[in-house]
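Here the structure is laid out as structure tokens; the discussion comes afterwards.
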Amino acid sequence: MMDTPANSKVVEKYSEDSGKRQLAGFWFMVTRLAAASMALFHLYTAVTGPVNTQNAVHLLFALPLIFLAYSCRGRDAKRVPWYDIVPIALGVAVSAYYVMHFDRIIYQLGYLMPTTLDLFFGVAAILLLLEACRRAIGLAFPILVLIALAYAAFGNHLPGVWGHGGYRWDDLVATFYMSPTGVYGSLMRTSSTVIVIFIMFGALLVTTGGGDSFMRLSNAATGRMSGGPAKAATLCSAMFGSISGSTAANVATTGVFTIPLMKKNGYSPRFAAATEASASTGGQILPPIMGAAAFVMADVISTSYLNIISAALIPALLFYLAIWMSVHFEAKRLGLNPIPKSERPTLRQGLYNIETLVIPLIVLITLLVMRYTPTTAAVAAYFTAMALYLFSWRSPGTFVERMKSLPAALEAGAMTAAMIAVIIGSVAIIASVISLTGLGLKVSSVILIVSGGDVLITLLLAMVVAIILGMGLPTVAAYMLAASVVAAAFVEAGLPSLSAHLFILYFAILSGVTPPVALAAYIGGAIAGSHWFRTALTATKISLGGFLIPFMFIYHPPLLGDGTGLQIALAVGSGVLGITALAASTIGYFLRPCSWLERGLLLAAALMLISGQLVTDALGIALIGGVWAWQYRLNRSTLGTSSTPLASKEPAP
């Protein structure tokens, strides 16, 4: 690893503790107490049922926590300066005021004008959310919120279709602060009742050793295979990414272990960084947790969380198959060996204490299948994981030491939940603007006009919009922003809501590896010491299956579990063949190094297998079979005349 100061700063910036103050003494105790109080409040209400003011209390904890934990100038500090006392106190006040006036706001706002105090606290809430987002995730997203606010306030001066009728500023503030679609609306309800519990569950698994268990199990499972470290990185990042809720943090956290191992095994720094970036990105679409976006999606399209994870399972597995086959073909092309036996854990070591991870996930999935609410399932899984950690004789440390680690788990979960809460509060402002001004319908109308009603062109345009809007943004913000703008175009095109929103989610997430921003590739490149833009291009190549899969499940609904067993099996079979052919084409290796003609034929076969039609599937399978037979014949011929290794050591063209 090229450990330069610049690279170290990038890794530190996007690690799980990135940008946080290194508090000590009084302020450390205050922050931990506030975080633990938030976590305990949500655990209590998850068991007993949410209170009417749950959303406001959620943000009442979240805003002060962000201002306690993150400094104004992004510099490490061991104390909270006096001037941060103001936003901390005001962060409590804006939500406390909402709680105190809850009945009036809910039952009388439609009949009475907002008061001066309503407007004061409304403006304060908007400004605090902008500053909290700036401190926690950077400047890009607050700028988008400001653009949305400016459009709402001054868009009436724009000519043509992009203008609107205009709104008074006090009506806008009241809408953002007090209406059911505003900051404390349904999106915040999802955050305060569902997302927070899953985030705390994930934090408990990671804080109590889940990350080490993921890495140990992944290395044990793949160490004997060619290119084992890259396959281990794929598995580990998939498991960790599903529960972490952040692609950037996933790359920074697991990449510092997986990327050096891949480089040591013989992968180039660029390919190692790109593999980690791609695998970390896919964690956000992998059931059963899927970061946080799945819960928001369930609220947006009014469906159950179980329906979403059921539909997302096969496409997510195909996405990871694409990465797996890419690293496999690259390992074969380079002639890489497995991890030496002395350096890899045995399967027994990999499975050691694994029940503390597996049993809680089994509890979670079982309760979801039994139609319990996601909150109930997550709470049961949380306390199962806690009990196994505390009372398992194979857990590290003594019982007292394990008990002492629980406050850190509560704090980690609360801090991540607080970050997501301020993001969702800000997203709600943008969503309100888009709904109020009809901007989403206008963008969708333009897409439909340009596409002429053609579904493929509509999908391609929506893909571009989703990638652009998602660049540099956290998953929840990227998905919500893209869905607010382009979802209506899918509805007009007659596509099912669930598949349309999964399509949007895929490309909002894939913006993390797509140039020119490619945040995940940027972080991975910093760890590996490779150029970020070349890393992003390689990550895009490795993730190319992820760009293909959304089109596959749009054209072939059985990939989302919508069909008979035979239809689903045939869809999965054609998907596996198409993804494998695509990986072989992009890497340039199948049974042996591929010529440009062979790569072109494999790419054509992959594209033919998108639609699921009998004729195109048959042609695609025939092309793959033809290339396989040709390369098999060449291998037999080569083995009969030469002992030269088939794998090329030269870089892929």
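Everything numeric here is computed off the predicted structure, so don't read it as measured data. Because only heavy atoms are used, hydrogens play no part in the values below, and waters and symmetry mates are left out as well, while side chains stay in.
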| said: Run F198 and Y382 through ring pair (Phe, Tyr, Trp, His ring centres under 6.0 Å) and show every step you take. | reply: CA-CA 8 Å; F198 276 84; Y382 182 91; over 10 Å; no
| Do other residues, nucleotides or ligands put more than 12 heavy atoms under 6.0 Å from Y372 OH? | no
| Is the number of heavy atoms from other residues, nucleotides or ligands within 6.0 Å of CZ (R79) greater than 12? | no
[Y] side chain reached by [X] side chain, heavy atoms, under 4.5 Å:
X    : Y    : value
E131 : P87  : no
M480 : L187 : yes
I430 : S484 : no
L65  : T31  : yes
L406 : L390 : yes
M38  : H58  : yes
L43  : L410 : yes
L306 : I309 : yes

For the residue pair [X] and [Y], what are the closest heavy atoms and their distance?
X    : Y    : value
L128 : F67  : O-CZ, 3.6 Å
A520 : T281 : CB-OG1, 4.0 Å
P474 : I423 : CG-CD1, 3.7 Å
S218 : T222 : O-OG1, 2.8 Å
A203 : A409 : CB-O, 3.9 Å
P374 : Y305 : CG-CB, 3.6 Å

Checking [X] now: which residues fulfil side chain to side chain donor-acceptor pair (under 3.5 Å) with it, not counting sequence neighbours?
X    : answer
D562 : none
Y389 : S405
T376 : T373
T275 : none

| field | Step-by-step side chain to side chain contact (heavy atoms under 4.5 Å, CB included) determination, F121 to H101 | value | CA-CA 12 Å; F121 283 111; H101 294 266; over 6 Å; no
Out of curiosity, [X] [atom1] to [Y] [atom2], how far, rounded to the nearest 0.5 Å?
X    : Y    : atom1 : atom2 : result
T366 : L361 : OG1   : CG    : 10.5 Å
L204 : F201 : CG    : CZ    : 7.5 Å
R135 : I66  : CZ    : CD1   : 10.0 Å
S278 : I542 : OG    : CD1   : 5.0 Å
L505 : M297 : CG    : CE    : 4.5 Å
L368 : S310 : CG    : OG    : 9.0 Å

How would you list, by chain and number, every residue that makes a ring-ring contact (aromatic ring centres under 6.0 Å, His included) with [X], sequence neighbours excluded?
X    : result
Y184 : Y98, Y177
F141 : none
F503 : F490, F507, F551
Y44  : none

| Qualifying salt bridge (Lys or Arg N to Asp or Glu O under 4.0 Å) pairs with a residue from residues 353-378, counting only residues at least two apart or across chains | E355-R394
| field | Candidate pair L560 and I314, rule side chain to side chain contact (heavy atoms under 4.5 Å, CB included), full reasoning | value | CA-CA 7 Å; L560 299 179; I314 294 175; over 6 Å; no
| task | Take N52 and I106 through the side chain to side chain contact (heavy atoms under 4.5 Å, CB included) test and state the conclusion after the steps. | result | CA-CA 11 Å; N52 289 338; I106 294 299; over 6 Å; no
| task | Considering only NZ, NE, NH1 and NH2 on the basic side and carboxylate oxygens on the acidic side, decide whether K404 and E401 come within less than 4.0 Å. | result | no
Are any side-chain N or O atoms of [X] and backbone N or O atoms of [Y], one a donor and one an acceptor, separated by less than 3.5 Å?
X    : Y    : result
S95  : V57  : no
R189 : V194 : no
S511 : A508 : yes
N55  : G185 : yes

| task | Dump the intermediate steps for side chain to side chain contact (heavy atoms under 4.5 Å, CB included) on R134 and Y70, then the final yes or no. | result | CA-CA 10 Å; R134 185 194 69 81; Y70 294 88; over 6 Å; no
| field | The single option from T45, V196, I195, I197 passing side-chain contact (heavy atoms from CB on, under 4.5 Å) against T375 | value | I197
| field | Partners meeting side chain to side chain contact (heavy atoms under 4.5 Å, CB included) with L217 (sequence neighbours left out) | value | L351, I354
| task | Can you sort out the partners of A483 under side chain to side chain contact (heavy atoms under 4.5 Å, CB included), two or more places apart, ordered by chain and number? | result | Y479, H501, I504
For a quick test of your reading: what N or O donor-acceptor pairs under 3.5 Å do the side chains of residues 229-236 make, sequence neighbours left out?
residue	atom	partner	partner atom	Å
K231	NZ	S226	O	3.1
K231	NZ	H328	ND1	3.0
T234	OG1	A230	O	2.9

